[in-house]
Amino acid sequence: MNHIEQTITKPILSWYDKHHRDLPWRVSPAERSRGVKPSPYRVWLSEIMLQQTTVQAVRPYFTSFLERWPDVAALAAAKNDDVMSAWAGLGYYSRARNLKKCAEIVVAHHDGRFPDDVIELKKLPGIGDYTAAAVATIAFDRHAAVVDGNIERVVSRLFRLTTPLPALKRDIKTRMSDLTPVERPGDFAQAMMDLGAMVCSPKRPACGVCPVRETCLSAGRDDAEAFPFKPPKKKRPVRRGAAFVAIGQDGAVLLRRRIESGLLGGMAEVPTTGWTASADGALGTEAAPFAGDWTLSGTVRHIFTHFELHLDVYRGNFPERPASDGSWWSPRGDLDNEALPTVMKKAIAIAIDPNRQTARPQKGTMI
DNA sequence: CACCCGTGGGC
DNA sequence: TGCCCAAGGGT
């Protein structure tokens, strides 16, 4: 056992044995020692959901996906719309599209079993450097260097690496590979991520209870949270647009499908104008799906990753439910089952009840 | 490499 | 309130 293993790897694994998070997709160290094997399907599903997404947000989605599609064959046989609507609210919808494609490929070309090595995993849609390493090591106990945001933080602080991201990533991957033990590589990757989430946090790291505080070059120093160095972020521009919530008989709402690519690709929406830097929202009702008595219900303010949207929401009553090309009337009771992203739920909510304090839709139910 | 791609919670 | 962040991937 070399020095690094003695001073870093082993203390972190021991810490993990005692303090690991209990997560529904995880096989605990105790279970693992009893011979319980992780399910590659569950590991993969959780890793896709966890991309840039908090554990808290993922929990209910993971549970419902697993109930509805217990294995990769079930998911491969699912309808696209059902997968998209089940994913609605979780964000980054290309993940859902790739999830479905990946399941189909695993069933059609891999006999329904996930590959156990990084090279093959990376060929699958939605699986990149991180996820390939995570699945290989967590599901199959392969020696792979997992590098996520947590590990970038832990390793950069541990060695006080001052190269800014993303250039630093290569160095971190090498160091993570060196730290990863031959025994329990999967537990070590999860241990590093738990450490990053619970102790070596972005703000106010708890160095006093860290298992590697004696080795870490940043432990207890007031600049620990300066690591890793990141490039300055650009400010978010504002885009404006208008959305049209047509209310039909019995509260049905007119919806249409967005194109497969790009923002909210493949998701459902109410008819809207384009969203641009100029004041398209001020165009009024010229872009409405049909002429009628449209009234402004309010403005939804929604933050996307790279822009902020101010969406003027117009409501119109059309009890006769006129037809509109490429659109359909979604009955009030079906609205919760549509693949509506959060921004669209906000728009519909403010149209149905303009008096509500916030445009935020209720969790779980639309109305 | 730089940009696109959601959402909700914490401070 | 505004900004940061979260188990990144695709192009």
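Quick note on labels: first sequence line is chain A, next is B, and so on, each numbered from 1. Hydrogens, waters and symmetry mates play no part in the numbers below; they use all other heavy atoms, side chains included.
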Touch class at under 4.0 angstrom, heavy-atom based, for Gly265(A) against every strand present: nothing

Sugar-phosphate only, base, or nothing, as touched by Arg97(A) at under 4.0 Å among non-hydrogen atoms: nothing

Distance below 4.0 Å between His302(A) side-chain N/O and dT7(B) OP1 or OP2: yes

Span that lies between the C1' atom of dC1(B) and that of dG8(C), in whole angstrom: 16 Å

Under 4.0 angstrom between Gln52(A) side-chain N/O and dG8(C) OP1 or OP2: yes

Residue Phe304(A), side-chain heavy atoms: nucleotide from dC5(B), dA7(C), dT7(B) that is nearest: dT7(B)

Touch class at under 4.0 angstrom, heavy-atom based, for Leu99(A) against every strand present: nothing

side-chain N/O Thr342(A) vs dG8(B) OP1/OP2, d < 4.0 Å: yes

SB check Asp129(A) Lys173(A) (cutoff 4.0 Å): no

N or O in side chain of His306(A) less than 4.0 angstrom from dC3(B) OP1/OP2: no

Cationic N near anionic O, under 4.0 Å, Lys79(A) to Asp81(A): no

Criterion ring pair (Phe, Tyr, Trp, His ring centres under 6.0 Å) on Phe318(A) and Trp294(A), from CA distance to verdict: CA-CA 10 Å; Phe318(A) 301 89; Trp294(A) 295 97; 5.1 Å; yes

Position toward the 5' end of DNA chain B (nearest nucleotide), Lys234(A) or Leu263(A): Lys234(A)

Per Ala167(A) side chain, nearest of listed nucleotides dC1(B), dC4(B), dG9(B): dC1(B)

Spacing of the C1' atoms in dC4(C) and dG6(B) (rounded, Å): 15 Å

Whether Trp25(A) and Phe62(A) hold their rings parallel, tilted or perpendicular, with breakpoints at 30° and 60°: perpendicular

Salt-bridge present (Glu269(A), Arg258(A); N to O < 4.0 Å): yes

OP1 or OP2 of dC4(B) under 4.0 Å from side-chain N/O of Tyr92(A): no

Listed nucleotide nearest any side-chain atom of Gln51(A), set dG8(C), dT7(B), dG6(B): dG8(C)

Could you tabulate the donor-acceptor pairs under 3.5 Å formed by side-chain atoms of residues 198-205 of chain A, not counting sequence neighbours?
unit_1	atom_1	unit_2	atom_2	d
Ser201(A)	OG	Lys203(A)	O	3.1

Touch class at under 4.0 angstrom, heavy-atom based, for Ile48(A) against every strand present: nothing

Touch class at under 4.0 angstrom, heavy-atom based, for Trp25(A) against every strand present: base

Charged N-O contact under 4.0 Å between Arg142(A) and Asp116(A): yes

Please produce a list of atom pairs where a protein N or O lies less than 3.5 Å from an N or O of nucleotides 2-5 of chain C.
unit_1	atom_1	unit_2	atom_2	d
dC4(C)	OP1	Lys233(A)	NZ	2.4

Centroid-centroid distance, His306(A) to Phe304(A), less than 6.0 Å: no

Side chain of Asn150(A) (C-beta onward), nearest among dC1(B), dT7(B), dA7(C): dA7(C)

Which nucleotide in dG8(C), dC1(B), dC5(B) has an atom nearest any side-chain atom of Thr305(A): dC5(B)

First of Pro125(A) and Asp194(A) reached from the 5' end of DNA chain C, by closest nucleotide: Asp194(A)

Touch class at under 4.0 angstrom, heavy-atom based, for Ser46(A) against every strand present: nothing

Comparing Asp148(A) and Gly126(A) on DNA chain C - which has the more 5′ nearest nucleotide: Asp148(A)

Sugar-phosphate only, base, or nothing, as touched by Leu264(A) at under 4.0 Å among non-hydrogen atoms: sugar-phosphate

